[in-house]
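Everything on this sheet refers to the single structure shown next.
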Amino acid sequence: MTSLSEPRSLDGRKAMAPLRRRLFNRYLAGVFLATGLLSAGAVVLNSVIDPLWFWRGNLITGQNYIFNERVAKVNLILQAPEKYDCLIFGSSRVTLFDQTDIAGHRCANLAFSAGKAVEFLAYARYLADRGIRPRLVIVGVDDFNFLTKTTRQPEIPDFVRKGEAPPGWLESYLSLTALDFSQRTLREVSPMPRFYNDGFVGGVLKDTAAFKPPKKLKAAVFKGRLDPQRADLYRQLRDTFPEARFWGFVPPVAAWKVTETRHLGKILDGYLQAIANTAEHFEVLYDFSVPSAVTRRHDNTYDGSHYYPAVHKVISERLQTASPQVPADSFGLPVHAMTLGQYEGAFKAALNRFLAAEFPDLKQAEVAQR
């Protein structure tokens, strides 16, 4: 039996339908408005902090933390590529090299964390395809570039691999990733002890603890072998900019770490041959990792691998002087002016002096008779 109230209920539902649609439309409008406001707020905040360096970096504090150098440094160069006549490549050890110290040049420091020679080559070709023709190229040469197997693979962005323009600022700054970079910057939460100032020159954060040398040494263990022939990567890098002068340097490394990796790790002879091979592709190449008064200190580096800007200022001066003589303080062997035998003898003699002073029980490095 049909209830007399059913037709009325149906009529009521029909009457309510337009109201529900209006409420739903208002809800959608509110969602879209809120989403738009949040997106606009994120873009504004990211643009002010500018963690990917599309413009002038962090306008609030002037400190630019290190989140994605591989993208940010390309963005910085592409703002005005015509103004740079000098490029600097290297790993994080080179990020504290002040590019403004090179007299007569406007340098862009393209060094980034864990940077490898194969990545430098990709970036160099990418920039060359965009018409960048530097008159000077400076390259930080790390020992791990000669290992046949490494624990960390190269991280070349897709746009560099494909030769395309990097993602635009709006696309980049609508992302949650960029927003996370910005909020961490505002909270002064840096992912590492290094940062860039408002001139994009690297520095070390205040209160960063100094390096504590190990009391006992551990021999490094490598998966692969050290191949001196990988110096050919630097030849290819030079061929990318055939008109440029090329200066190279092995960044300073604490004498304790050099002992653990190259001496106790049994790659020292191969390393010395590799650097000698690499020097053939440079007008100037210094090895600042040789044990010296500088790398036997521990108050000028926070971890034994990254040295403070004051040390890099000395490196810059010696690269520009390009003296064929070993400095009085032994900081920096001029490999470009030495035979392999001279280089090997000087490096091992310096290493042996360190071992005799700090670890007399360890076997000293043998110097071959050449």
Side-chain angles (χ1 to χ4, degrees), residues 51-52 65-75 87-97 109-127 138-162 166 177 180-181 184 190-196 202 204 208 211 214 217-234 236-237 248-254 256-268 270-271 274-275 278 287-289 301-307:
L52 295 176
Y65 295 148
I66 298 169
F67 295 117
N68 193 336
E69 295 163 294
R70 285 168 169 78
V71 173
K73 292 200 170 186
V74 173
N75 287 337
L87 297 176
I88 301 172
F89 296 97
S91 68
S92 59
R93 291 169 173 167
V94 184
T95 57
L96 295 172
F97 186 105
N109 190 331
L110 268 168
F112 42 73
S113 299
K116 295 179 173 61
V118 66
E119 293 176 280
F120 310 156
L121 183 57
Y123 276 84
R125 289 171 174 170
Y126 177 83
L127 295 174
I138 302 174
V139 186
V141 181
D142 289 291
D143 49 10
F144 54 74
N145 283 299
F146 303 97
L147 294 172
T148 57
K149 291 183 180 180
T150 58
T151 56
R152 189 168 183 175
Q153 296 302 309
E155 300 177 24
I156 303 173
D158 284 343
F159 73 87
V160 173
R161 290 184 185 276
K162 297 176 181 178
T177 300
D180 180 52
F181 293 164
R184 281 195 278 169
S190 176
M192 54 190 67
R194 294 175 287 110
F195 74 101
Y196 294 93
V204 179
T208 298
F211 172 58
L217 300 180
K218 296 181 180 180
V221 178
F222 303 102
K223 290 185 177 181
R225 60 185 178 85
L226 191 143
D227 181 9
Q229 299 308 313
R230 289 178 64 84
D232 188 65
L233 286 169
Y234 296 97
Q236 295 178 55
L237 183 61
F249 69 98
V250 181
V253 180
W256 295 266
K257 288 183 174 288
V258 167
T259 302
E260 290 181 323
T261 56
R262 299 177 197 163
H263 180 46
L264 299 182
K266 299 181 179 180
I267 63 168
L268 181 57
Y271 162 80
I275 299 303
T278 302
D287 188 344
F288 292 102
S289 70
T301 172
Y302 62 81
D303 62 358
S305 290
H306 300 85
Y307 279 77

* Please assess Glu69 against Thr95 for the test side-chain contact (heavy atoms from CB on, under 4.5 Å), listing each intermediate value before the final yes or no. => CA-CA 10 Å; Glu69 295 163 294; Thr95 57; 3.6 Å; yes
* Asked: Under the side-chain contact (heavy atoms from CB on, under 4.5 Å) criterion, do Leu237 and Val139 qualify, and how do the steps go?
  -> CA-CA 10 Å; Leu237 183 61; Val139 186; 3.8 Å; yes
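When all heavy atoms of Lys257 and Gly304 are compared, the pair lying nearest together is CD-O, 3.6 Å. Contact between Asn75 and Leu52 at its shortest, heavy atoms only, is ND2-O, 2.9 Å. Across all their heavy atoms, Val250 and Ser289 have their closest contact at CG1-OG, 3.6 Å. Considering all non-hydrogen atoms of both residues, Tyr196 and Ala111 come closest at OH-O, 4.0 Å. Closest heavy-atom contact between Pro251 and Arg93: CB-CB, 3.8 Å. In terms of heavy-atom proximity, Glu260 sits nearest to Pro214 at OE2-CG, 4.1 Å.
Taking CG from Asp232 and CZ from Arg230, the interatomic distance works out to 10.0 Å, rounded to the nearest 0.5 Å. Distance check: Tyr123 OH to Leu110 CG gives 8.0 Å after rounding to the nearest 0.5 Å. Of the inter-residue distances, the one linking Thr148 atom OG1 with Arg225 atom CZ reads 5.5 Å to the nearest 0.5 angstrom. The distance from the CZ atom of Arg161 to the CZ atom of Arg125 is 12.5 Å, given to the nearest 0.5 Å. To the nearest 0.5 angstrom, Phe67 atom CZ is 9.0 Å from Met192 atom CE. From Asn68, atom CG reaches atom CZ of Phe112 across 10.5 Å, with rounding to the nearest 0.5 Å.
Residues passing the side chain to side chain contact (heavy atoms under 4.5 Å, CB included) test with Thr278 are Val141, Phe146, Ala231, Tyr234, Phe282, Leu285, sequence neighbours excluded. Partners of Gln229 under the side chain to side chain contact (heavy atoms under 4.5 Å, CB included) rule, at least two apart in sequence or in another chain, are Asp227, Asn277.
A heavy-atom distance below 4.5 Å is not found between the side chains of Pro51 and Tyr65. The shortest distance between side-chain heavy atoms of Phe249 and Val94 falls below 4.5 Å. When side chains are defined from C-beta on, Arg70 does not count as touching Val160, because their heavy atoms never get closer than 4.5 Å. The shortest distance between side-chain heavy atoms of Asn109 and Lys73 falls below 4.5 Å. Put simply, the side chain of Leu87 reaches to within 4.5 Å of the side chain of Leu127, judged on heavy atoms.
Asp142 places no side-chain N or O within donor-acceptor distance of the main-chain N or O of Phe144, the cut-off being under 3.5 Å. Lys116 places a side-chain N or O within 3.5 Å of a backbone atom of Arg152 that can act as its donor or acceptor partner.
Taking the six-membered ring for Trp and thresholds of 30 and 60 degrees, Phe159 and Tyr126 have ring planes more than 60 degrees apart, a perpendicular arrangement. Using bins of under 30°, 30° to 60° and over 60° for the plane-to-plane angle, the ring pair His306/Tyr302 lands in the parallel bin.
No close placement of the Tyr307 and Phe288 rings is indicated, their centers lying 6.0 Å or farther apart.
Side-chain polar atoms of Tyr271 and Asp287 form a donor-acceptor pair below 3.5 angstrom.
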